[in-house]
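Before any comments, here is the structure.
Each chain gets a letter, A, B and so on, in the order its sequence line appears, and its residues count up from 1.
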Amino acid sequence: MNLRSTTPYLGLKNRKRLLLNMKISALLSIIMVFSSFANSYSQVEISLDVQNQPIIKVLDEIESETDLRFIFGSEIYDFQKLISLSVEKAKLNEVIKLIFENRLSYDLNENVVLLKKSIEKQIAVNKIQTKTELNILKTKPEDVIQIIVNGTVTDSKGNPLPGASVIESGTDNGTTTDFDGNFSLTVDEENPTLEVTFIGFVSQNVLASGDSSINIMLMDDIAGLDEIVLTGYGSQNKRDITSSISVLDLEGVSEKANVDVGQLLQARSAGVRVVQNTGKPGASPQIFIRGISSLSGNTQPLYVIDGVVSYSTAAIDPNNIEDITVLKDASAAGIYGAAGASNGVVLITTKKGKAGKFKANVNTYTGSSQLINKIPLLSASQLDDYLNELNDTSVTYSAGVNNDWQDLLYQTAAQTGVNASVSGGSESGSFYVGLGYLNQEGIVRTSENKRYSLAINLDQEVNDWLSFGTHFTYTRSNIKSIPDDMGARYGGAISSALQTPPFQEIFDENGFYTVSAGGTGFGLENPLSYVYSTDNLNVINNMVADANFAIQLPYNLTFKSQIGIILSGNRFNSFRDPTLNGISAAYNGEGQYNTGETLRYIFDNTLSYDEVFDKHKIGVVIGSSISDENRISSAQTKRNFASETVRTLNTASENFSQSSDAGSWSLESYFARANYSYNDKYLLTASIRTDGSSRIAPDNRWGEFKTISAGWNLSNESFMEGVDFLRNLKLRAGYGETGNLPSALNAYANIVNVSVFPADATNLNPGRLPSTQAGNADLQWETSDQINVGLDFSVLDNRIYISADYYTKRTENMIFPSTLPKSTGFLTKVINLDGVIENTGFEFAINASLVNTSDFSWNSSLNMSFNDNIVMDIPEDEIIFSTRLQNLGGNLSITKNGIPIGSFWGLNAEGVDPQTGDMIFTDNNGDGTITPDDKQVIGNPMPDFTYGFVNEFSYKNFDLNVVIDGSYGNEIYNTGKQNLQSMRFSEQQSADVADRWRNPGDQTDMPRATLVDSNLNSFINTRWIEDGSYLRVRDISLSYNFGQNVVEKLSISGLRIYGNLKNWFTVTNYTGYSPEVNRSLGGVDSVALTQGVDYGTYPQAKSFSVGLNVEF
Amino acid sequence: MKKINNLIIKGKINIMKNQFNSKMILALSLIAFYSCTTDDFLEKPPLNELSTEVSYASKSDAEAAVGAIYGMPAQMNQHYYKWQHTFFSDMRADNTHSGFVASIINVELGQPNAADIEPIEYPWSQNYSYIAAANTVIDNIPGIEDPKFTDAEKNVIMGQAYFLRGYYYFHLARLYGGVPLTLSTTDTEILKARSTQEAVFAQVESDLLLAESLLPKEYSDNFLTRSRATKGGSQAMLAKLYAETGDYTKSAEYSGKVISSGVYDLLPTFDHLWDGEHEYNRESIFEMVHVPGTDIATYVGAQVLPPGDYSQYDGNKSGFNSWEVPYHRFNTMKTDLVAAFKEMGDTVREESTIFYVPYELATQPNFGYLEGEPIGHTWKMGRTGEIFDKHNVILIRLADIILLRAEALNQIGQTGEAVTLLNQVRARVNLAPTTASSSSEVALAILKERRLELVVENNRFWDLKRYYNDDAKLTQHINGQTDSAGNSFGVQTTVGKVFIPIPQSELDVNPNLTQNPGY
């Protein structure tokens, strides 16, 4: 059975389904074994007296009076139909007959009653009336010899599908399958076409030959309209959804070599852009849902793990993830109000045990990764030539030394992972325990990530009205990092590997790693020095745990309470070895010991109500949520170590610096949401949330966020009947408001910093200084509102399902640390900037079941997202400069009206003057000289569109998955290349510098080498703007599932081997290491304001791995 | 993978109706209970900072506030008053070289770039942050009502704040010309235009005069007298200000007050000023305190010293085994300065100022300096050769004020008295009395004396500027510098570029600012 429990947090109706779904699996397996037993339940006596009640209520009543339980497909009958019934001590068969007017039959196993369509005349009559198929009746002679067709209906995995309907095409003749998926149908023709339908699956027409048994495999319905979709504090049937929500298809994904949750999100959802902006082990990618809508605030989505608002996915091993649902538009995300829903919400459900079957699974893989490409640099002799031209005598050439620093820095890195899980459950409870280990080396030497993970999920029904659950997910990561990007001390290892001259020795005469002479004046350590002379170990513990209980109340009310604890702690140890590093030798070793802990609890209570009255379906949830976080951290650095082998700080004698820090914040929220649908045609959802935050000044503390959305299932309208090529047509429209909080905890307050001053010649006293940040008591929320219009439909017999959305998202009251003129004495003030960031976009997703035979299937999904970002209506004099490039020309990024956030800003290079060898820049203001006033917008880091293309092929026992994604139209500013072509410093340059201008008359596009560079050739200009478009084959995995015969011989229940290629092919014109780059250093250089800047980024690797998955 | 829900199972709620009610009440009361948070649930005052309301309420608060201003420029990450002023005083004049940092080379060559953070923006942002701290004191201290805080004590605190504000504005205006005047932390005019240099100097004068009237000549403790603002310090700064603005009468008057105050004397041995053993001496008027092993310490030595263990060549200096940043060559001496010492026959000050690289050191691998090269290892503030130099920096000292008074007196016709003062300074370093006698000869002699006495003490460029009193001649002097072979250094200072450019980042955020001419 393909039944899945999805969430610990469902509305009453759904939750009941969930719990009972688990029961059913258990029961079914029992039933399948014992179905031949005689059944005493047929003799149960039923007494009923109901007036004008929907059938579903009547069944309820029977269940409460007896031990009978009903199972049925909701589409086989109108269970909302009102009936009146009065019986005394009637038998089950009589009651069923009365209720369903003889139109349904049933199978009884133990106490479970499976209702199914019967082949009764009434059906025929109904059909004749609606479809005027009188002819069929007429032409059906009474005396035709009847032929019996037997068969089995299964899903694509071979599991039997009970209750599927099998109808002889063109007739009213049909049946439903039994518990084992078997059917037997008496047909009129010798070779009839059978129409096999089952909800949640694609209908199939099968040509059957008489007197034979056929196997019919139904494919999952690509539209998945019967999926239960999480909506935050509840769930809904997909067909009732009115907003923009993506449910990710993770089939087979979570069993592969996945390291980060971001990898699961990549390429699989329209509107979700995943940027793997660093290849550093243990680093998470950046995730943007529908563009960037905040200047300085959070731009990443809100994560909700098993109902707990978590802000991060660090606590989860992706192998323990069952489902991911993305709430993209504000009408969906608005229920999370100001908790950070402006960037979308990612709901993550971890794996739970399934009732009935104890299952153990071990997945292990091993592989290696390597650098994708090297950057071509000058040869030693070309460099010598260049240095002579530069006339810098400080660099001395060491003959015979020719180090390829890139080769020295990068390695082929090994990666190993093991995940083991056990799960199972009984009728009333389930458990899941997952353990994981990952050992991932980075392609830069010594960098690595070792992660240990544990997940425990327990769910238990205590009795008929009380259920309890607890979820626990924990990871511990030991990350060895190296100072990589240019934000690191003097430029980091990556740029050092490019800029250190090849003739530089590895060690100097003292046995220290060498430091290069030139550079920006702050000599670069050589790459091996970054790698080997400094040990950085960051041990990070992350935990998300919750306990919840739900009480079923009368009147279909459910009360649910959940306490979540989010705990993260880290310990950072670093040691600079005085025997390897001259800098460190000067202070005889430097050790750092920093710790931090963040503890947040969240306490949610909801009361939900779901009811169906005739054609009206109503769902309401009201609730409250409080959240409180405390952070504390400390840092200490000591110097002068007794020995370089013992690195604990107690062995160091000089207290260099100590500090500790603390902060806290809280959020208090109340919310309500109502869903209403009429006749499955007209859908309406509205919600309101009010949030109070400690981060806002008391007078503005509370904010209110409203949403409303509506849907129209056109396919259920009578005028759409007969429009067979177009099915499941639904129109959606929604509006919603969301909020974003300031990241600073006390930006509203005027703060005084504590400092020190000399009290006498040897002692310091505490002093007080005004903060460089001016307080802002008027500080408000950042608010976003979003309009979303969407359309869903399927074509070709539901084999292709298309969902398209258009949206406009406007962010106002932008929280922004405005740069004050330094002459005010302040540096910044957090303000609500007037104006709007507008993201307008169109996105679509196509899911197709392209080929579907018993041997071969091909499912494909394609999504594309077009997003336009523009800043409007901010004060004309507010021009935001960001991405400060020290010694390379100041600020690179600019944000102002009429252009996208973080556009590139600089001079436009027209070429090299053959006479002087200097760059010719465009004199935009025509004043005859090139000044900063001639700068212009020179590039846009935002893509025109991004896309994902996922293909799943299955041939016999082989599965092949190919994941492709890409970005088009974004530009990258290649700072690394700017350094390598600056020709101003005594350091290694890129290979094309060999073509530089040398003599008057030289025609080249590479200017002259000059120490002074008074023409600013090496400063920010268009020379280093590159096309960042790429198409990347992100993942190819081929797996083989061993057949039953092998598996049974081994006494296991499943065995799969697989091979996996990641990042193996990339198509791009970008000349740096990787076209996925985003620098972010903090402060005004927020994620949003430094898009598309390659800043000596740790390159991504391509990797190969093989794995084995065993199921017991 | 699809979650299907094709089967609906009807469950049973098997509870009697009367149980419903009690359960309902239980649940509703739970909800009611849960929904109640305390009123102060959302009150989260900062845990790691003080808010302004509670920070300035007592005498000790006032002392902490004014004390912090002294601590600011002494912090490890603050460089201007420790050594970066040399870019503009000594490097862009004829005393020292800039090393190998392009942005500083550009300063030496007379082409500073407004977009460079170091060195163009730092003096701006750092001085304004000190001024903001002074403004905080001036805004908040008068309102403190603390019975233990007497008016006299308040006056001393206020006087210090006025002195410091004047001190920092003086240096800002000297570097950049007219700058925006921010005189209160509550000033709501954010996008201020530049005031004229005259207006800024007028403000400096007013602050310093107030300070002079409020501050004591001496504190109870010599440490405070040397490291805090005093009446004498205010008068010394006024003397400098009046010289800068051409009011030599007043310059002579105020420098005279300092000299005759009885608080200051020349230290008999010149080298004692720099050896780290004679801090807080009687020549020191205003001294920046560094406290070893704390954040209030500098690593000037690392910035300016050559690599390698050269302590063995350096007599009494402590060990300097490695280096933070090699080859910077900041403040190697220009041949013109070396020649000036030779010409004067001034061996005492030469030895304290210049270290000539010996053969043994120059031949060490990777040392990078040439034999005989006059480097700044004994550059006065980095004298001990330690990376984290523990020595104080003397910001104002008596010899400067004596020579300034000599200059002023000579300008107002009292050449004889000027010569006396000049000889007083010469005598300390074993130089014979000057032979100069005419006013113009004496003026030149004083200029030469100030050069050798005050290398890398934030004077040379301004001394030349006063001496020539003409941008064209000043420019000509600077551009005329040559190396030992007589080749031009390529200095291209253009006439009018007396002021360094307003930082580009500041122009970017404040449209009301104008750039200095020539940039």
Considering all heavy atoms of both residues, which atom of [X] and which atom of [Y] are nearest to each other, and what is their separation?
{"X": "B:Thr185", "Y": "A:Phe826", "answer": "O-CE1, 3.9 Å"}
{"X": "A:Leu769", "Y": "B:Tyr56", "answer": "C-OH, 4.5 Å"}
{"X": "A:Ser666", "Y": "B:Phe41", "answer": "OG-O, 2.8 Å"}
{"X": "B:Val291", "Y": "A:Pro758", "answer": "CG2-CB, 3.9 Å"}
{"X": "A:Pro698", "Y": "B:Glu43", "answer": "CG-OE2, 4.3 Å"}
{"X": "A:Phe757", "Y": "B:Arg228", "answer": "CE1-NH2, 3.3 Å"}

> Who passes side chain to side chain donor-acceptor pair (under 3.5 Å) against A:Ser1014, sequence neighbours left out?
Replying inline: none
>> Can you list everything that forms a side chain to side chain donor-acceptor pair (under 3.5 Å) with B:Asn222? Sequence neighbours excluded, please.
In response: B:Arg226
From [X] [atom1] over to [Y] [atom2], what is the distance, rounded to the nearest 0.5 angstrom?
{"X": "A:Leu827", "Y": "B:Ser129", "atom1": "CG", "atom2": "OG", "result": "7.5 Å"}
{"X": "B:Ile105", "Y": "A:Arg984", "atom1": "CD1", "atom2": "CZ", "result": "9.0 Å"}
{"X": "A:Thr824", "Y": "B:Tyr128", "atom1": "OG1", "atom2": "OH", "result": "9.5 Å"}
{"X": "B:Leu47", "Y": "A:Arg631", "atom1": "CG", "atom2": "CZ", "result": "10.5 Å"}
{"X": "A:Ser823", "Y": "B:Asn127", "atom1": "OG", "atom2": "CG", "result": "12.5 Å"}

Find the one option among [options] whose heavy-atom pairs under 4.5 Å with chain A are most numerous.
{"options": "B:Trp124, B:Tyr70, B:Tyr519", "value": "B:Trp124"}
{"options": "B:Ser184, B:Ser227, B:Ala65, B:Ser505", "value": "B:Ala65"}
{"options": "B:Ile104, B:Asp187, B:Ile117", "value": "B:Ile117"}
{"options": "B:Val66, B:Leu513, B:Ile69, B:Val509", "value": "B:Val509"}
{"options": "B:Asp221, B:Ile131, B:Asn106", "value": "B:Asn106"}

Side chain from CB out, backbone as N, CA, C, O: work out which of these in [X] comes under 4.5 Å of a heavy atom of chain A, or both, or neither.
{"X": "B:Asp508", "result": "both"}
{"X": "B:Glu121", "result": "side chain"}
{"X": "B:Pro45", "result": "backbone"}
{"X": "B:Pro46", "result": "both"}
{"X": "B:Tyr130", "result": "neither"}

Verify, without hydrogens or angle tests, whether [X] (side chain) and [Y] (backbone) share a donor-acceptor contact under 3.5 angstrom.
{"X": "A:Asn746", "Y": "B:Lys44", "value": "yes"}
{"X": "B:Ser125", "Y": "A:Lys822", "value": "no"}
{"X": "A:Glu668", "Y": "B:Leu42", "value": "no"}

Quick check on [X] against chain B: is it the side chain, the backbone, both or neither that has a heavy atom closer than 4.5 Å?
{"X": "A:Asn463", "value": "neither"}
{"X": "A:Asn765", "value": "neither"}
{"X": "A:Ala774", "value": "neither"}
{"X": "A:Val754", "value": "side chain"}
{"X": "A:Ser693", "value": "backbone"}

Which one wins on heavy-atom pair count under 4.5 Å against chain B: [options]?
{"options": "A:Leu764, A:Leu745, A:Ile62, A:Thr762", "value": "A:Leu764"}
{"options": "A:Ser755, A:Ser664, A:Ser818, A:Gly663", "value": "A:Ser664"}
{"options": "A:Asp628, A:Ile632, A:Asn763", "value": "A:Asp628"}
{"options": "A:Gly890, A:Pro766, A:Ala761", "value": "A:Ala761"}
{"options": "A:Ser660, A:Ser657, A:Gly692, A:Ser694", "value": "A:Ser694"}

>> Assess the residue pair A:Leu1016 and B:Asn113 against the criterion (side-chain contact (heavy atoms from CB on, under 4.5 Å)); give the C-alpha distance rounded to whole Å, side-chain angles, the decisive distance to 0.1 Å, and a yes or no.
In response: CA-CA 10 Å; A:Leu1016 308 185; B:Asn113 190 314; 3.3 Å; yes
> Are A:Pro821 and B:Ile190 side-chain neighbours, meaning at least one heavy-atom pair lies under 4.5 Å?
Replying inline: yes
